[in-house]
Amino acid sequence: MKSVTEYKEYREYVLDYYRERKRCSAFTWREFARLAGFASGSYLKLVCDGKTRLREEGAKKTALAMGLAGFELDYFVLMVRYENAKTDQEKKKCFEEIQALGDANRVKILGSEMYTFYETWKHSVVRELAVAMPGAKPNEIAKVCKPAISAADVSESLRFLVKTGFLTRDIKGNYHQANVSLSTGNLNVVAVAVHSLLRQMGEFALDALDKLPISERHFSGITMGVTEESYAKVVHEIAAFRKHIVSMVANDKNPKKICRLNVQFFPLTEDLT
């Protein structure tokens with residue numbers, strides 16, 4: 001089996017463990033539950049089916065039943081704690097514990113680079129500016145950012161972006177993007193960081209509404225009644241629209257400025273039925 005640190009979701013690891021034991025023996029869910037100390041023989045199957053969840057004490061017992069020890073046991077428990085966390089602040093604290101655990105044991109934590117990337121708006125903006133301003137020094141990049149950031153912030157961001165592969169640097173010192181566009185993919189691990197980024201960008205949008213002339217920004221909105229079916233259709237159209245926008249600008253060689261497009265679609269009332 002893969003190491004537990006290569007998993008983002010604890011249920012996937014438990015299910016893979018069960019399947020591997022089942023492949024090699026007559027292992028059953030009932031035996032698995034007994035080894036973990038659960039009274040119900042179907043409990044861990046219900047966990048893997050998403051019908052219930054592990055609590056922290058149950059996570060420790062399950063980890064021990066799967067033979068996990070040391071930092072691998074701690075990692076499994078933290079995965080459970082992360083999923084059970086009810087607020088972004090709790091999830092953020094938990095993921096930072098996961099990162100610290102990985103660093104202390106020299107283990108690469110899956111998703112940690114994406115988490116750091118989306119935790120602040122600076123990385124996404126610097127990633128675009130570094131390519132759009134070939135040969136520019138950190139202080140020159142810092143001067144065109146809105147809101148303003150320091151040259152030290154830019155230098156730190158560039159180091160992170162190169163180290164993690166979001167940017168490459170050629171022999172002339174110019175930066176290039178390994179991928180023109182980025183997607184968050186499965187948000188489970190980076191969800192909290194993405195929420196933080198969306199909040200920051202939402203605040204910038206409010207500033208732009210107040211401070212920029214209409215010729216330099218575009219704001220519009222619609223208030224509408226929807227069914228569950230039409231809601232799903234709108235979400236699908238928004239996703240297609242975003243992809244179309246990315247394809248429109250992907251081949252621009254000399255951008256004049258870096259812009260942000262926010263798309264929000266959310267309820268203003270409770271369900272009416």
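FYI, the numbering just counts along the sequence from 1. Predicted model only: the values in this text are computed from it and were never measured.
- The shortest side-chain heavy-atom distance between Q89 and K93 does not fall under the 4.5 Å cut-off.
- Of the charged side-chain nitrogens involved, none lies within less than 4.0 Å of a carboxylate oxygen, so that K143 and E140 do not count as a salt-bridged pair.
- No salt bridge links R23 with D16; every basic N to acidic carboxylate O contact stays at or beyond 4.0 Å.
- Residues F166 and H123 place their aromatic rings such that the two centres sit no closer than 6.0 Å.
- Across all non-hydrogen atoms, the minimal contact from L68 to E72 is CD2-OE1, 3.9 Å.
- Judged purely by atom type and a 3.5 angstrom limit, S25 has no side-chain atom pairing as donor or acceptor with the backbone of K22.
- Y10 is listed as a side-chain neighbour of E83, based on a closest heavy-atom distance under 4.5 Å.
- Contact record, Y7 with Y75: O-OH, 2.7 Å, taken as the closest heavy-atom pair.
- A salt bridge does not link E12 with K8: none of the charged nitrogens is closer than 4.0 Å to a carboxylate oxygen.
- Residues N84 and E90 form no side-chain contact, since every pair of their non-hydrogen atoms from C-beta on lies 4.5 Å or further apart.
- Residues passing the ring pair (Phe, Tyr, Trp, His ring centres under 6.0 Å) test with Y17 are F32, sequence neighbours excluded.
- The ring pair (Phe, Tyr, Trp, His ring centres under 6.0 Å) test applied to F71 returns no partner, not counting sequence neighbours.
- Ring pair W29/Y18 is parallel by interplanar angle, where below 30° counts as parallel and above 60° as perpendicular.
- Taking the side chain as every heavy atom from C-beta outward, E9 and M79 never approach each other to under 4.5 Å.
- K91 forms a cation-pi arrangement with Y82, by the criterion of a distance under 6.0 Å to the ring centre and an angle within 45° of the ring axis.
- Atom CG of L206 has more than 12 heavy atoms from other residues, nucleotides or ligands within 6.0 Å.
- Taking Ile, Leu, Val, Met, Phe, Trp and Tyr as hydrophobic and joining them when side-chain heavy atoms fall under 4.5 Å apart, one finds F219 in a cluster with L209.
- Here CG of L161 is found 11.0 Å from OG1 of T168. Values are rounded to the nearest 0.5 Å.
- Looking at L167 and H176, their side chains never come closer than 4.5 Å, going by heavy atoms from C-beta outward.
- Note on V131: it does not cluster hydrophobically with I171, by side-chain heavy-atom contacts below 4.5 Å among ILVMFWY residues.
- Pairs passing the side-chain hydrogen bond (donor to acceptor under 3.5 Å, both in side chains) check and including a residue from residues 35-51, sequence neighbours excluded, read S40-S42, K45-D49.
- For residues 145-162, every residue pair satisfying the salt bridge (charged side-chain N to carboxylate O under 4.0 Å, His left out) rule, not counting sequence neighbours, is listed here: K122-D153.
- Side-chain contact between S124 and F117: present, with at least one pair of heavy atoms (C-beta onward) separated by less than 4.5 Å.
- Between the side chain of S230 and the backbone N or O of V226 there is no donor-acceptor pair closer than 3.5 Å.
- By the 4.0 Å N-to-carboxylate-O rule, E237 lies too far from K233 to be salt-bridged with it.
- For F241, the ring pair (Phe, Tyr, Trp, His ring centres under 6.0 Å) test picks out no residue, with sequence neighbours left out.
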